[in-house]
Amino acid sequence: MNSFKLSIVFGLIIASNLFASNVEKSLYIISDSIQTVDSVSVPYLSFNEEDVYSKESPIISINSGDTLKVWVYNLDSIIHNFAVLDFSDTFIIPAGDSVYLEQVFMDEGLYIYHDPLNYPKNTYLGLAGMIVVNDLDVQNFYWNIKEHNAQWNSDLVNNLDVDWGNYDPKYFTINGNSNPHINADSSARIIGSVGETLYLNIANTGLSIHSMHFHGYHAEIMYSSAHANHVGRIKDTFPVYPMETLVLKIEPHQPGEYPIHDHNLVAITGNNIYPNGMFTTILITP
Amino acid sequence: MKQLFYILFFVLNLNARAQDQTTFIFSKMDIEAQHILWDDTPTMLMGFTAMMSASIDIPGPTLTYFEGDSVELKLRNMSQGTSHTIHLHGLDVDQQNDGVPHLSFEVGHNETESYFFRAPHPGTYLYHCHVTSALHVQAGMYGLLIVKPNTGINETWEDGFTFDSEQAWMTSELDLAWHEDSIINHPHDTTTMEFHLPDYNPDYFLVNGRSEQQLSEEGISIIASANEVILLRLANIGYYGNTYRFPMHLNARIISSDGRPLPDIEFSDSLTIMPGERYQVLLQSTYVFEDDIEIEYFNLNTLSTTNTQLVPVSISGYFSQVENQVDKIKLYPNPSSNNVIFSNEIDCIKLFDSKGRLLLTKHHSDRIDISELAKGIYLLNLDSETKTIIKN
């Protein structure tokens, strides 16, 4: 390689590093509760950006090439683990202790960070969030979808056994909310205009398969953590498997307000009441 | 009778290409349990019919249009007080015609309203009621909607794949508890969308509303010739997942989903279809064989398979050979309940059931008596030519 080519290579490396940055985050594991759509209080855990409880684990959004530097603090009274699914090592965090993770994310995609200890127990109880690696200047929306059986949450936090093979959830949520409260969540409710490019980032941190159907629009699969061969498909119904992440691109061609919901129509219920489950609407202006 | 409805609808809708189409459909509800399941259990349905006097069947009539058709779909609600709608699943119609209560209009009892849309991309779609949808879909208010390309009815889409024959399977489940009069015949309260539903524990696992031995009797099974290209349209309107397992010899090619071609065709002997999804698959065997297509129904929460249905596949004769000999021997009537008459005397007639078992041999005759046979599909070997007949 002559000196001219060498200088170009060094130049490219320096240029790429100019755009990459360090993203520092803190996550606090806190045990508390979540309110169901019918106001039942259910034991729950979450990661939090501060040492104050919020039911929904934070969305960490970075660019490709960025280095994510995360301190995870265990404010619970029992041991927890921390890992980025299929990406990082697993870190053990004793009660009251903390761990530090430094990880470079080179590729665009959608990743799940969670507590894999006694899987699926701690993940099911709420300890799962998403890392979005996306360089596009587009409007993004985020769905952390999951389900609950309220009795199971109580049993699990009391160290009682549950039969995972007979899972029968009664509440179905997007970012911890069920219909009609999902539309009040600005990160979940898709709002845009005709011709705009909208991205929906979906992480299924529950135990069930959800089959999300769009009225009004088809969307393109831009990323799938479980089915790479599905990328590029244009569909109106999108299965999301447990612990799968999916990125969809929507380019609305018409205005209107249209439902998006699980087409396992049982999942539109909340404690058997229709339509108090995974049901929201997309709102597109002309 | 159900086949007659399909034929009528097909004829009514195929009379021209890319033009104005008006289709009538009726929403109804059984007064008493009259739909008979595979084990002779009667059950009540809500559903759509093509004629006012027709009994409800599941799925409802298949609506077929050509790409670009301007469609007026008129819904006459004949049910017992409950409003209904038609959601045109996957057609991406405008909000007014999307069939969702509170976002568009409902069709009240004894009312008639119209949905207007233009048939979009060729493919396989659904329609279903979206009022208290979890209940009304389970009750039977669903059907297939097929959009064919303008270039020709035996092409998947313009410059797509050609095929020789096609079949459509719509899978679902049925939970008898949801079909009890106290549930299905619910009072309609226009002031609230909320409705209390039972737990869902399906008892029956259906292909086109049929299961078990009905999958042979009702003409759902695949009867084809080697080299024949079959377009199989698959749709899941149930609340369970389906995994199809195709016999290796069918050389399954998965070509499209949800009304759009796949970027890359997949060659696979298995295909999983979740609630609301549709897929189109091409099947073509170079072998003569008999087998089953397995359809596993699995619970989306436990991820465990609850039931498996087997749809018979019978590949006999060779498509090009049959095609060349089509004019040599004609038979009528078909379907028939008594005699099937041939256009000329046959030296050797052999009758087989769908499993390939020889039932009868007859020589030097121009007819065969099938009055003693059970209803179903049979194969006739007429000298060197193979024909399929239906006993009704």
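A note on names: the letters A, B, ... follow the listed sequences, proteins ahead of strands, and every chain is numbered from 1.
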Between chain A and each of [options], count heavy-atom pairs under 4.5 Å; write down the option with the most.
options	value
B/Met274, B/His89, B/His196	B/His89
B/Thr272, B/Asp258, B/Val93, B/Asn236	B/Asp258
B/Asn299, B/Asp94, B/Val137, B/Leu135	B/Asp94
B/Leu88, B/Asp264, B/Asp199	B/Asp199

Using non-hydrogen atoms and a 4.5 Å limit, figure out which bit of [X] sits close to chain A: side chain, backbone, both or neither.
X	result
B/Pro198	backbone
B/Leu91	neither
B/Asn301	both
B/Val100	side chain
B/Leu262	side chain
B/Glu266	side chain
B/Ser256	neither

Pick from [options]: which one has the most heavy-atom pairs with chain B under 4.5 Å?
options	value
A/His263, A/His210, A/Gln254	A/His263
A/Ile209, A/Asn264, A/Leu207, A/Asn272	A/Asn272
A/Leu265, A/Asp262, A/Asn271	A/Leu265

Residues A/Asn140 and A/Asn201: side-chain donor-acceptor under 3.5 angstrom: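 Indeed, the side chains of A/Asn140 and A/Asn201 share at least one donor-acceptor pair under 3.5 Å.
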Residues A/Ser46 and A/Ser57: side-chain donor-acceptor under 3.5 angstrom: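 A/Ser46 vs A/Ser57: no donor-acceptor pair found between side chains.
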pair B/Tyr115-B/Thr85: side-chain heavy atoms closer than 4.5 Å: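 Yes, at least one pair of side-chain atoms sits under 4.5 Å.
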Parallel, tilted or perpendicular: ring planes of B/Trp157 versus B/Phe161, cut at 30 and 60 degrees: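 Rings of B/Trp157 and B/Phe161: perpendicular, over 60°.
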Whether A/His227 and A/His230 hold their rings parallel, tilted or perpendicular, with breakpoints at 30° and 60°: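 Ring orientation of A/His227 relative to A/His230: parallel.
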Candidates A/Tyr171, A/Trp164, A/Tyr44 - the one meeting ring-ring contact (aromatic ring centres under 6.0 Å, His included) with A/Trp152: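 Among the candidates, only A/Trp164 passes.
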With B/His136, the ring-ring contact (aromatic ring centres under 6.0 Å, His included) member among B/His84, B/His128, B/His87: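 Going through the options one by one, the only one that passes is B/His84.
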Check against salt bridge (Lys or Arg N to Asp or Glu O under 4.0 Å), A/Arg189 and A/Glu257: CA-CA 11 Å; A/Arg189 208 277 174 97; A/Glu257 183 177 5; 3.0 Å; yes
Salt-bridge present (B/Asp92, B/Arg260; N to O < 4.0 Å):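 Salt bridge: yes.
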B/Arg278/A/Asp236 salt bridge by N-O under 4.0 Å criterion: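 Yes, A/Asp236 and B/Arg278 are salt-bridged.
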Per-residue contact mode, [X] against chain B (heavy atom under 4.5 angstrom):
X	result
A/Tyr241	side chain
A/His253	side chain
A/Asn276	side chain
A/Ile273	both

Atom CD of A/Gln35: over 12 foreign heavy atoms under 6.0 Å: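 Correct, the count exceeds 12.
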